[in-house]
Every structure is written in C-alpha cells, then in structure tokens.
Amino acid sequence: MKAYLEQELSAVLAEMGAPPDFVPEFEIPNNPEHGDLATNAALQLARHLRRAPRQIAEEIATRLRQKPVDPRRIAAIEVAGPGFLNVRFAHTYLADRIADILRQGDAYGRTDVGQGLPAIVEYVSANPTGPLTVGHGRNAVLGDTIANLLDWTGYAVTREYYFNDAGRQMRVLAQSVRARYEQLLADPDMEPYLDLSGDRRARWERLLDTFDTKDIEVGEGETVEVPASFPEDGYLGEYIFDIARSLIERHGLDLLDADDLTPFKQAAQEAIFADIERTIRRLGIEMDTYFNEHTLYETGKVWDVLEALRERGHIYEADGAVWFRTSAFGKDKDTVLVKSTGEPTYRLPDIAYHVDKFERGFRKIVDVFGADHIATYPDVIKGVELLGYDAGAIEVVIYQFVTLVRGGQPVKMSTRKANYVTLDELMDEVGEDVTRFFFLMRSPNTHLEFDLDLAREASDKNPVFYLQYAHARICSILRKAEEVGVTFAEDADLTRLTHPSEEALAKTLLQLPEVIQRAAETKEPQILATYLRDVATAFSQFYRDCRIIGEAQALATARMHLARATRLTLANGLTVLGISAPGQM
RNA sequence: GCGCCUGUAGCUCAACCGGACAGAGCAGCGGACUUCUAAUCCGCAGGUUGCAGGUUCGAGUCCUGCCGGGCGCGCCA
C-alpha cells in the first residue's frame, strides 16, 4: 500500500513540477485521527514550488482523487493541518489484507528487498579462551537476530564465527592449564590414582619436591596464590582446573615433562569450544561457518594484502616495523601492521579477512562488535577500500556494554579475577527466552541494564511473557472455539470486522513486513520487539471487546480469522527474535 | 587532550531519512474477574527532551559551544 501510494504520488508530483529526485514518503501517523498513512510532501515542496503548502496539498489531493484509485483500497484522501495529506484505508482493504496474512502463513512478514543478495553476518567471534560472558551474549543474540532479519528481508545469509587459536592469548591459556595440571598432580593424596610404573614415580616425586607457589596481583590490591609456573596474566577461572583434570584422567602424569604446550593448548581449545558451542546452541544459534584466522596465513592472503597496500603506497617501514599510513586520512597516528618481531598485529589479518569476504562473493557484510572495538574498525574499512573494494557494503554494528543489576545494585565483574557471570549462568537463572528478549529490547547503541530481579520474575512485570501470553491466549481461544463447534470456514466474510478494536488490531497486524524491513535496515531489533508489544496490546483490547464463542457463526468465524492472523504475526515476529511462542502458559 | 556512543516522566527505555498533541512498561493512586487464560484490561497522576545559541514554515531528531555518563586512543586482541 505504501509503495503503491508513493508511486501514485510521485506521478502527480512530477506533473506539478517537483524536482525529479524528490521521493515522497508515506508514514503511519502517531495520531489515529490523522488517518492510516500520511505524507508531508506538500510541506517539503513548498519552498521549491514557491506556493503555500496547504494549497499544494489541495491540488495533490484533487489530482489523486481523479486517478482511478481502487475504491477497495482507499476510502479517503484528506488535507489537514499545515499541509499534510492523510489517507484512510477502505474497509475492504483491511479484510483483504487479513486474508492475505492467513494465506502467507509462516512466511508472513517476509519480503524480498534483499533480492537474494549474498550477505554475511559475523558475530560471537570469541576466541576460545574461556566461557562466554554476559557481554558475549549481547553480541551473540544481536548478531543472530540481525541475521534473521536479513534472511526475512530476502538476503542469502551466512552466519560466521571468526576466531584466532594461535597467538599470545592461546599460549597463556595453555601455560595456565599446564600450571594447574602440575598443581593438581603435586598432591601426595594423588598417589592411589596415578600409574607410577617405570620412571614415573621418580618424575612424580621430583614434582612434589619442586612444586612451589607464588602470589600474583589481580587488581585493587588483591592477590591470589597460584603455582610458580603460572603466567603473570594467566587465566584464573575454575574451568582451567576442569581441563587439567581431564588431562590427568587421559594422560596421568605423562605430560609432566613435555616441553611442548601443544597438548595443553589442544585440550583447552577443544573443551572451551565445545562449551561455547553448547552455550550458543542453547540460545538457538547455529553458525554456518567457523573461520579460523590461521587460514589467512596458510593461503598467504595476509601477505598479499600487505603487498597490495605497499604497491599503492600506503605503507612504509620504520623502527623495524611495517606501518599503515592511517594519518593520511584523518587519524592522529599511523598504525603498525607488522611488528618488529615480524609478526603481524591483528589489524592486518582483519583486513585480509574482509577482503576474503568480498572474494567469497558477499555483497553485504555485517560485523557485530562491542564498543571497545570502536577505534579499530575504521582502519580495516579504510584498508579494504584502498584495495578497491566497495567498503560501503560493510556495516559495523557497535553495541554498548551490559551491566547486570541485582537488588538495584550493579553486579561487579572482573575478567582479571575470573569473577564474572557467564552466559550459561544467566540462562540458568532467567531462561533462554528472557535472555534473548532482554538483549534485544534496547537499541544496540545504548548501554544495557539487565535487571536480574525483573528478568527472573515470571509475572506480568516481565515484558517477554506479555508477548508469549497473548500468543498462548489466542491458541487457547482457538482450541476452545473449535471444541464448541465454531468452524474455521475458508470463505469467511472479513468485512464483518467493523468494531474499532477489530480495525485497530487489523491495522497493527499488517505492519509486520515493513517493521521487519526497518529493523533489518537499521540493524535495530528493538524496533520489532516494541512492535510486537503493540500487537499484543491491540489483541488484548480486541479480546476485551469482542467475543468469538457465543457470537453468530458468520461473525465468530471472521473473528477467528483475525485471531489466527494475530497468532501468525506474533509467532513470526517471535521467530525472528529467536524466542519461542508457546501454545499455553 | 583527541575520537566514537550517550543524556527524554521517580526508574528502565521508545519515538520509522526533521513533521501534527513527545509515547510505553515498571513504580504510585483508583477501578474491572459467576465470562474465550486477570501473566489481562480501564482511568488518574507524572515532562522546559542536560544547558545555551543557531538553521528551518516546523527541532527530542540537524549544526556550534558548554555540562554530566560510557568506551576507546599499544609493535595487546
């Protein structure tokens, strides 16, 4: 409808001498008295046409009315206020659209604006150094929902997890595991559990003699006692012990004198990745691809990118390092791409990674990052652009941090002390649906306060249940209506839906496709979450005013259609958000 | 000091490329269940959209300057 009106209006405006690049837009007015769709085109054109906006609006209205406008769709075109043009839907239009929703079923809300364009959404992308935290949760849920939104708007979406299992972080992780491994073994009580055959007894006794501990600083003057071999910035989490224990079960003390960290790294990575995958699966997330940074070295792409940048003169060497001339485009400093050790910084593979995304054919590239990456991604985009790719295809979604609030107080967390709430613990406490919804109900660029008390409350205070309750209630009504013999006739006469609550509900329902489009374009899922609340409210009001059971068959059937259309709208919207739509509560 | 985000009702937040009277939820007060789910609905109260200028027919939205909060500013990721 919107597109139809915009097209008709464009034609009229062209006749009236509007600039050819002017695109009129209709929007839904805040105030229902202003009709179902309104446009401010006359106001915007007043200056250009050098005429009073009100007068322009009158002429547009007159011309529009002369067009062969389908009376099944439009009931009235009015001029109002300083020069707005308000359009009212015909009653038959609403009836047609409800029938349309039911025809589309599970697909209602889908559009093809993306036209099958290949899109990639990169999210989570946590390196396997520990369990996912609440912060990763916002990333995961946001990324996954954006991927859903793009899918529903007609893009061919790939969901990708990018990670790096080489580098310093992983080395420190492996060292941490080895230190815990030694610590667990350096216990005289372990004797009965160990195979001490051969020279193993001597090795074990040597460990008992030499094992020592030290204190390390963890901030705010606090210290923690750790094995002497524990790295300064090692990982203190309890999960490191679990990994060490599993190594003892599998290898006993045979890894004691290994001078290679590989088995520790391997075990840690496998265990942690398995854990991460379990966690995101709980949230309903299924990745299409996992991309290991390492492949960018194996294929030489990292060096190709470096050479390409060098050829184009964006690179120079100084102090033994290779620099990217970022100061040439507005940054206050240049950026190191290859350290004097010969090892690239993460920025170089990041550029190569994005080049790779283009080479794989993606035409829309979405990255989901926390606010702490805000300063780094412009370099990557610039790098890609300098190599001749369409950097405009890259969209970076930056989300602000999450604070957990309990009892009105922020929950203190410190990664350093391994004192943080994991995503799994959060889901254990409040459930998966609530977790997803809370991460989605706020704009990504606002700081999120996650109120655990509110989230845990299974009551009317919790906004998730409001949506789910409305859905469950519809299911219940439809069940009961069928029990008492109200039939769901295919040929129901939907023009019988004339009650204001019925009309208001119907008008709300038919917004779903454009709401999904807008949320997809802006990458702001809270637009959809907010809309679904409106749907639930409109339904509750309909429920208050209009009964199904006990009404004459024709009216009851028409209302069943409306209830079904509402259920589809809620269910499809919740599906996009990745939240379940229960049949009863 | 510089860059990005942010400041809207007591609290948490909406407000669709600048549009008509700034809206919800929670908290507060008052109402509605012999009825298809009261996890619901209705009403009341609550605001100088941080402050000051500017652009515009029109500004919560755009520009400038202040003030407050967050995140960055490494040959870490």
Side-chain angles (χ1 to χ4, degrees), chain A residues 23 25 27-31 33-34 38-40 43-44 46-47 52-53 80-84 86 127 129 164 167-169 233 319-323 330-333 335-341 343-347 350 370-376 378 398-401 403 405 408 441-449 451 454 457-466 468-470 472-481 483-484 486 511 514-515 517-519 521-522 524 526-527 529-531 533-534 536-537 539-541 543-551 556 559 563 584-585:
Chain A
V23 275
E25 289 202 2
E27 59 181 36
I28 299 169
N30 293 323
N31 186 337
E33 283 172 25
H34 298 146
T39 182
N40 60 358
L43 290 159
Q44 292 181 318
R47 179 185 299 265
F84 289 99
N86 297 336
N127 288 336
T129 58
N164 168 16
R168 211 187 73 85
Q169 268 185 79
D233 49 356
D319 308 325
V322 181
W323 295 75
K331 288 200 54 162
D332 47 357
K333 289 176 202 163
T335 308
V336 172
L337 288 184
V338 182
K339 300 184 236 175
S340 52
T341 59
E343 207 181 346
T345 63
Y346 68 98
R347 256 170 248 245
D350 268 4
D372 52 341
H373 283 69
I374 197 121
T376 76
I398 297 282
Y399 60 90
Q400 301 295 317
F401 284 173
T403 316
V405 175
M441 64 191 218
R442 302 285 176 239
S443 161
N445 54 22
T446 128
H447 182 92
L448 176 67
E449 281 206 8
D451 187 331
L454 175 59
E457 204 160 337
S459 79
D460 55 334
K461 288 179 195 160
N462 192 323
V464 197
F465 298 131
Y466 184 74
Q468 294 184 323
Y469 180 76
R473 188 185 239 177
I474 296 169
C475 293
S476 167
I477 293 169
L478 294 178
R479 273 195 301 269
K480 199 149 286 182
E483 279 170 25
V484 301
V486 180
Q511 293 172 31
E514 67 193 68
V515 168
Q517 270 177 40
R518 191 150 47 85
E521 262 164 42
T522 57
E524 303 212 354
Q526 89 282 354
I527 291 173
T530 305
Y531 164 73
R533 164 164 274 280
D534 292 342
T537 298
F539 177 76
S540 293
Q541 289 163 347
Y543 174 81
R544 178 195 62 204
D545 296 333
C546 303
R547 298 183 54 78
I548 291 176
I549 294 167
E551 295 289 349
R559 285 181 176 165
Q584 57 185 23
M585 287 178 78

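Remember, predicted model here, so these are calculated numbers, not experimental data.
In this structure, CD1 in A/I527 is found 15.5 Å from CE in A/M441, a value given to the nearest 0.5 Å. The CZ atom of A/R518 sits 10.5 Å away from atom OH of A/Y531, with the distance rounded to the nearest 0.5 Å. From A/L337, atom CG reaches atom OH of A/Y346 across 10.5 Å, with rounding to the nearest 0.5 Å. Note that CD1 of A/I374 and CD of A/Q400 are 6.5 Å apart. Values are rounded to the nearest 0.5 Å. Annotation: the span from A/E551 atom CD to A/R559 atom CZ amounts to 5.0 Å, rounded to 0.5 Å. If you take CD on A/E27 and CG on A/N40, they are separated by 6.5 Å, rounding to the nearest 0.5 Å.
Among the heavy atoms of the strands, none lies under 4.0 Å from A/C475. Counting non-hydrogen atoms under 4.0 angstrom, A/A470 reaches nothing in the nucleic acid. Using a 4.0 Å heavy-atom criterion, one finds that A/T530 contacts the sugar-phosphate atoms exclusively. Within the nucleic acid shown, A/D319 comes within 4.0 Å of at least one base atom, counting heavy atoms only. Residue contacts for A/A38: at a heavy-atom cut-off of 4.0 Å it reaches a base atom on one of the strands shown. When heavy atoms are screened at a 4.0 angstrom cut-off, A/T376 is found touching base atoms of the nucleic acid. A/A481 comes within 4.0 angstrom of nothing in the nucleic acid, heavy atoms only. Across all strands shown, A/V322 has no heavy atoms under 4.0 Å from either base or sugar-phosphate atoms. Within 4.0 Å of A/N127, counting heavy atoms only, lie sugar-phosphate atoms of the nucleic acid but no base atom. Counting any heavy atom pair closer than 4.0 Å across all strands shown, A/E521 reaches no nucleic acid atom. A/R533 comes within 4.0 angstrom of sugar-phosphate atoms only, judged by non-hydrogen atoms across all strands, and of no base. A/I28 comes within 4.0 angstrom of a base, heavy atoms only.
Rounded to whole Å, atom C1' of B/C4 lies 13 Å from atom CZ of A/F401. At whole-Å resolution of the value, CZ in A/R547 and C1' in B/U40 are 14 Å apart. The distance between atom CG of A/N40 and atom P of B/G18, rounded to the nearest whole Å, is 10 Å.
For B/C76, the OP1/OP2 oxygens have a side-chain nitrogen or oxygen of A/K339 closer than 4.0 Å. One finds a side-chain N or O of A/Q541 lying less than 4.0 angstrom from the OP1 or OP2 phosphate oxygen of B/C42. The side chain of A/Y466 contributes an N or O atom lying less than 4.0 Å from OP1 or OP2 of B/C41. Side-chain nitrogen and oxygen atoms of A/N445 include at least one within less than 4.0 Å of the OP1 or OP2 phosphate oxygen of B/U6. When the side-chain nitrogen and oxygen atoms of A/R442 are compared with OP1 and OP2 of B/U12, none of them lie within a distance under 4.0 Å. One finds no side-chain N or O of A/K333 lying less than 4.0 angstrom from the OP1 or OP2 phosphate oxygen of B/G3. For the pair A/Y531 and B/C16, the criterion of a side-chain N or O lying under 4.0 Å from OP1 or OP2 is not met. For B/A39, the OP1/OP2 oxygens have no side-chain nitrogen or oxygen of A/N462 closer than 4.0 Å.
Rounded to a whole angstrom, the distance from the P atom of B/A24 to that of B/A45 is 13 Å. The P atoms of B/G43 and B/U55 are separated by 42 Å, rounded to the nearest whole Å. Using C1' as the reference atom, B/C5 and B/G31 are 44 Å apart when rounded to the nearest Å. Comparing B/G47 with B/C13, their C1' atoms sit 15 Å apart, to the nearest whole Å. Across B/A32 and B/A38, the matching C1' atoms stand 9 Å from one another, rounded to whole Å.
The cationic group of A/R473 lies under 6.0 Å from the six-membered ring centre of A/Y543 and within 45° of the ring axis, placing it in a cation-pi geometry.
Here the side chain of A/K480 is nearest to one of B/G3, B/C36, B/U40, namely B/C36. Of the listed nucleotides (B/C57, B/A14, B/G19), B/C57 has the atom at the smallest distance from the side chain of A/R47. The side chain of A/R544 sits closest to B/C41 out of B/C41, B/A15, B/C2. Nearest nucleotide to the side chain of A/S476, out of B/A77, B/A15, B/U37: B/U37. When the nucleotides B/A39, B/C5, B/A15 are ranked by their closest atom to the side chain of A/Q526, B/A15 comes out on top.
In terms of heavy atoms, A/S340 sits closest to A/A321 at N-CB, 4.0 Å. For the pair A/A563 and A/I474, the tightest heavy-atom approach, listed with the atom from each and the gap, is O-CG2, 3.4 Å.
Within 3.5 Å, a donor on the side chain of A/Y346 pairs with an acceptor on the base of B/A77, or the reverse. A donor-acceptor contact under 3.5 Å is formed by the side chain of A/N86 with the base of B/A20. A/S340 contributes a side-chain N or O that forms a donor-acceptor pair with the base of B/C75 under 3.5 Å.
Each of A/G320 and A/D545 has a nearest nucleotide on RNA chain B; the 5'-most of these lies closest to A/D545.
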Secondary structure string for RNA chain B (Watson-Crick or G-U under 3.5 angstrom, | for other-strand pairs): (((((((..((((.....[...)))).(((((.......))))).....(((((..]....))))))))))))....
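Using a 5.5 Å limit on the distance between ring centres and a 30° limit on the angle between planes, the aromatic ring of A/H34 counts as stacked on the six-membered base ring of B/A20.
Side-chain atoms of A/F465 and A/M585, non-hydrogen and from C-beta on, do get closer than 4.5 Å to each other.
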